[in-house]
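Read the structure below first, then the notes.
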Amino acid sequence: MNIFRLCGDMTHLLSVVVLLLKIHTIKSCAGISLKTQELYALVFATRYLDIFTHHVSLYNTVMKIIFLGTSFTIVWYMRHHKVVRQTYDKEQDTFKHYMLIIPCFALALLIKTKFTPLEVLWTFSIYLEAVAIFPQLVLLQRTKNIDNLTGNYVFLLGAYRGLYLLNWIVRYFTEKGYRQWITWISGIVQTALYADFFYYYIKCWRNNEKLHLPS
Amino acid sequence: PDDEDEKDEL
């Protein structure tokens with residue numbers, strides 16, 4: 001495992017910590033898209049079905065359990081916690097799940113490595129993760145006052161994807177025969193979705209302004 | 001090893 005992969009995973013973990021900090025400590029999920037969080041829970045549930053059958057390392061197994069556990073915990077907080085759920089911007093978070101889930105599933109049936117249930121679901125999870133941030137980005141654009149934790153959460157998620165791209169470049173040059181086209185192309189699409197957000201995040205940070213996205 | 005089958009990333 002190279003440094004970019006490790007930093008990518010740690011950035012991903014940190015993004016979850018930041019979000020849980022906001023939800024659990026501040027008891028607010030304002031500006032957070034439940035749609036995106038539900039899509040992430042679905043991503044991990046379909047990708048990590050191999051958790052008991054396919055052992056890579058203790059590190060991988062522990063991380064999988066953390067991402068599965070935290071994603072469902074976040075969804076539970078936003079839907080059921082009596083204080084947190086009242087801070088959810090339901091009227092603004094209007095993106096429809098099926099608009100992302102159905103095309104991703106269709107694509108997974110068409111473009112995959114093997115036609116087995118586990119393989120199709122794994123491929124589906126890769127495609128879905130690439131676009132799962134979409135409802136969150138739409139919600140951010142509609143939010144007038146984006147708080148620091150929400151802005152940092154999305155920034156960390158984008159940074160995690162960017163670090164994974166660097167990880168793949170290193171692996172391509174250091175591991176013989178290493179290639180994974182489905183993951184690479186989805187990863188590039190996913191990172192590109194953050195480009196606009198990054199631009200405004202850095203611009204506002206450099207000007208010492210509060211983060212705001214043009215609508 | 002074929003990395004498409006390895007799935008060693010998260």
Side-chain angles (χ1 to χ4, degrees), chain A residues 1-2 4-6 8-13 16 40 43-44 47-51 53-57 59-68 71 111-114 116 118-119 121-123 125-126 129 160-161 163-165 167-168 171-172 175-184 186-187, chain B:
Chain A
M1 182 158 65
N2 61 63
F4 296 115
R5 160 76 197 282
L6 183 65
D9 287 346
M10 289 307 118
T11 311
H12 191 188
L13 198 59
V16 173
Y40 279 141
V43 163
F44 296 133
R47 185 175 308 167
Y48 298 156
L49 286 169
D50 63 357
I51 197 163
T53 57
H54 181 78
H55 182 76
V56 177
S57 63
Y59 171 85
N60 263 42
T61 306
V62 170
M63 292 294 268
K64 284 177 181 178
I65 293 169
I66 291 174
F67 288 128
L68 270 170
S71 63
I111 307 172
K112 74 278 158 194
T113 50
K114 278 191 229 100
T116 63
L118 272 183
E119 199 70 26
L121 286 174
W122 179 85
T123 312
S125 84
I126 296 290
E129 188 190 356
Y160 140 62
R161 294 316 307 182
L163 288 161
Y164 254 69
L165 289 189
N167 153 54
W168 295 330
R171 290 190 70 173
Y172 179 79
E175 293 176 31
K176 199 165 180 287
Y178 166 74
R179 62 196 155 60
Q180 40 175 1
W181 288 104
I182 288 174
T183 317
W184 286 348
S186 308
Chain B
D2 184 357
D3 231 285
E4 298 272 15
D5 288 328
E6 282 302 316
K7 303 199 191 348
D8 57 352
E9 291 178 347
L10 293 165

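None of the values given here were measured: they were computed from a predicted structure. Atoms considered below: every heavy atom in the structure, side chains included; atoms not considered: hydrogens, waters and symmetry mates. Lettering of chains follows the sequences in order, A, B, ..., and the numbering in each one begins at 1.
Shortest non-hydrogen contact noted between B/Leu10 and A/Phe67 is CD1-CE1, 4.2 Å. Shown here for A/His54 and B/Lys7, the closest heavy-atom pair between the two residues is NE2-O, 4.1 Å.
Listed by chain and residue number, A/Phe44 satisfy the ring-ring contact (aromatic ring centres under 6.0 Å, His included) test with A/Tyr48 (two or more places apart in sequence, or in another chain). Partners of A/Glu129 under the salt bridge (charged side-chain N to carboxylate O under 4.0 Å, His left out) rule, at least two apart in sequence or in another chain, are A/Arg47, A/Arg161.
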**Message:** With salt bridge (Lys or Arg N to Asp or Glu O under 4.0 Å) as the criterion, how do A/Arg171 and B/Asp8 come out once you've worked through the C-alpha distance, each side chain's angles and the decisive distance to 0.1 Å?
**Reply:** CA-CA 12 Å; A/Arg171 290 190 70 173; B/Asp8 57 352; 2.9 Å; yes
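The number of heavy-atom neighbours closer than 6.0 Å to OH of A/Tyr59, taken from other residues, nucleotides and ligands shown, is above 12.
Under the 4.5 Å side-chain criterion, counting only non-hydrogen atoms from C-beta, B/Glu9 is in contact with A/Asn167.
For the set A/Asn60, A/Val56, A/Asp50, the entry with the most heavy-atom pairs within less than 4.5 Å of chain B is A/Asn60.
A/Trp184 does not touch chain B: none of its heavy atoms, backbone or side chain, sits under 4.5 Å away.
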